[in-house]
Amino acid sequence: MTQEATLKKAADILRNTRHAVALTGAGVSVASGIPAFRGSQGLWEKWDPRIFEISFFRQDPVQGWTLLLELDKLMMAARPNEGHNALAELERMGIVTAVITQNIDGLHQEAGSRDVVEFHGSSRRMRCMQCGRTWAREEISLDSLPPRCGCSGLIKPDVVFFGEAIPEQAGISAYGACNACEVMLVVGTSAVVAPASHLPVIAKQAGAKIIEINMEPSALGSLSDFVILGEASAILPQLVEAVKKPA
Ligand code: APR
């Protein structure tokens with residue numbers, strides 16, 4: 001099937017559902033200036049992967065925060081792109097009921113998506129590792145590292161580090177959405193990091209059609225019923241237009 005035919009088929013399926021769920025990864029934010037983690041230009045090619053290891057952060061919070069500062073600047077400077085806007089439009093059209101994102105940049109909410117499950121937390125929030133108190137990112141100064149809570153606990157970004165559990169409510173919401181959806185739009189994820197990578201499998205087992213948008217085939221392989229190759233910031237708006245204009 002040609003790319004055009006695949007996009008049209010995917011649009012026909014989306015037009016006829018009221019229960020689509022999007023699962024997004026770093027690829028959806030690349031057009032907003034936040035590099036993906038894997039692949040030739042990936043963050044893991046130039047950054048120390050310990051940046052998101054909780055054991056490393058506990059052992060050396062100053063070094064941990066020093067590594068995080070560059071990512072913090074990227075996240076604070078990023079704005080939603082046409083891919084985020086298109087997913088928010090599909091929610092307004094009553095087609096997408098939830099966006100489950102692995103991203104920590106908060107861009108889906110900024111683009112107007114209202115039901116967003118932050119599967120890996122958010123860099124726009126900070127959390128005390130001792131008492132659990134949270135703050136908005138802007139409320140915490142990073143002039144002296146590491147930032148500490150009044151209870152003397154270490155403050156870290158409210159994101160899921162390797163070695164930490166998925167937030168309970170995020171897990172419940174995500175698994176519920178996957179079990180109830182008719183269509184899952186999987187956008188910009190290599191689908192290699194569990195447990196997020198299990199979500200499309202759960203949706204498929206629940207009978208959903210899987211429509212994947214990526215620059216290249218992901219680890220989902222043949223689980224995807226439709227694969228549309230291209231930049232999410234270009235493909236998603238094209239998909240919305242195709243949904244709006246049944247040929
Ligand atoms: N449009 C669509 N897809 C893209 C684009 C783009 N412009 N650019 C890159 N991609 C695709 C890549 O081909 C790749 O399949 O996005 C995917 C990004 O994969 P990863 O970098 O592995 O990001 P992700 O899948 O979100 O990683 C999952 O791993 O490091 C952890 O916690 C981190 O949440 C992250 C998790």
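Below, all heavy atoms of this structure are taken into account, side chains as well, without hydrogens, waters or symmetry copies. Start at 1 and go down the list; that is how both ligands and their atoms are numbered.
The single protein non-hydrogen atom nearest to atom 5 (C) of ligand 1 is Met215 CG, 3.3 Å, given as residue, atom name and distance. Looking at atom 29 (O) of ligand 1, its nearest protein heavy atom turns out to be Arg38 NH1, 3.0 Å. Closest to atom 10 (N) of ligand 1 among all protein heavy atoms lies Gly27 CA, 3.6 Å. Here the heavy atom of the protein found nearest to atom 28 (C) of ligand 1 is Gln102 OE1, 3.2 Å. Of the protein's non-hydrogen atoms, Phe37 CE1, 3.7 Å is the one closest to atom 33 (C) of ligand 1. The protein non-hydrogen atom at the shortest distance from atom 23 (O) of ligand 1 is Ala26 CB, 3.5 Å. Protein heavy atom closest to atom 36 (C) of ligand 1, with residue, atom name and distance, is Val193 CG2, 3.8 Å.
Residue-to-ligand polar distances place Asn214 within reach of ligand 1: an N/O pair is separated by less than 3.5 Å. Looking at ligand 1, you'll find an N or O of Ala232 within less than 3.5 Å of one of its N or O atoms. Backbone and side-chain nitrogen or oxygen atoms of Gly188 are examined, and one is located within less than 3.5 angstrom of a nitrogen or oxygen of ligand 1.
Of all the atoms in ligand 1, the ones that sit under 4.0 Å from a non-hydrogen atom of Gly230 are 1 (N), 2 (C). Numbered from 1 in the order shown, with element, the atoms of ligand 1 that lie under 4.0 Å from a heavy atom of Ala36 read 18 (C), 21 (O). When each atom of ligand 1 is checked for a heavy atom of Gly25 under 4.0 Å away, the hits are 26 (O). Close approach of ligand 1 to Phe162 is summarised as follows: ligand atoms under 4.0 Å from at least one heavy atom of the residue are 30 (O), 31 (C). For ligand 1, the atoms lying closer than 4.0 Å to a non-hydrogen atom of Trp44 are 30 (O). Of all atoms in ligand 1, listed by their number and element, those nearer than 4.0 Å to a heavy atom of His120 are 32 (O), 34 (O). Interface of Glu216 with ligand 1, defined as ligand atoms under 4.0 Å from a residue heavy atom, comprises 13 (O). For ligand 1, the atoms closer than 4.0 angstrom to any heavy atom of Thr189 are 15 (O), 16 (O), 17 (C), 24 (P), 25 (O).
Atom 19 (O) of ligand 1 has its nearest heavy-atom neighbour, among Ala234, Ala196, Ser190, in Ser190.
Using a cutoff of 4.0 Å between basic side-chain nitrogens and carboxylate oxygens, Lys204 and Asp225 are scored as salt-bridged. With respect to Glu164 and Lys156, a salt bridge is recorded, a charged nitrogen being found less than 4.0 Å from a carboxylate O. With respect to the salt-bridge test (charged N to carboxylate O, under 4.0 angstrom), the residues Glu89 and Arg92 qualify. With respect to the salt-bridge test (charged N to carboxylate O, under 4.0 angstrom), the residues Asp12 and Arg15 qualify.
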Does the pair Thr134 and Asp158 meet the rule for a side-chain hydrogen bond (donor to acceptor under 3.5 Å, both in side chains), with working shown?
CA-CA 8 Å; Thr134 57; Asp158 192 21; over 6 Å; no
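The main-chain N or O of Leu220 is never found under 3.5 Å from a side-chain atom of Glu212 such that the two would form a donor-acceptor pair.
Within the 4.5 Å cutoff, side-chain heavy atoms of Thr17 are placed close to those of Ile95. In this structure, the side chains of Met75 and Asp72 stay at 4.5 Å or more apart for every pair of heavy atoms.
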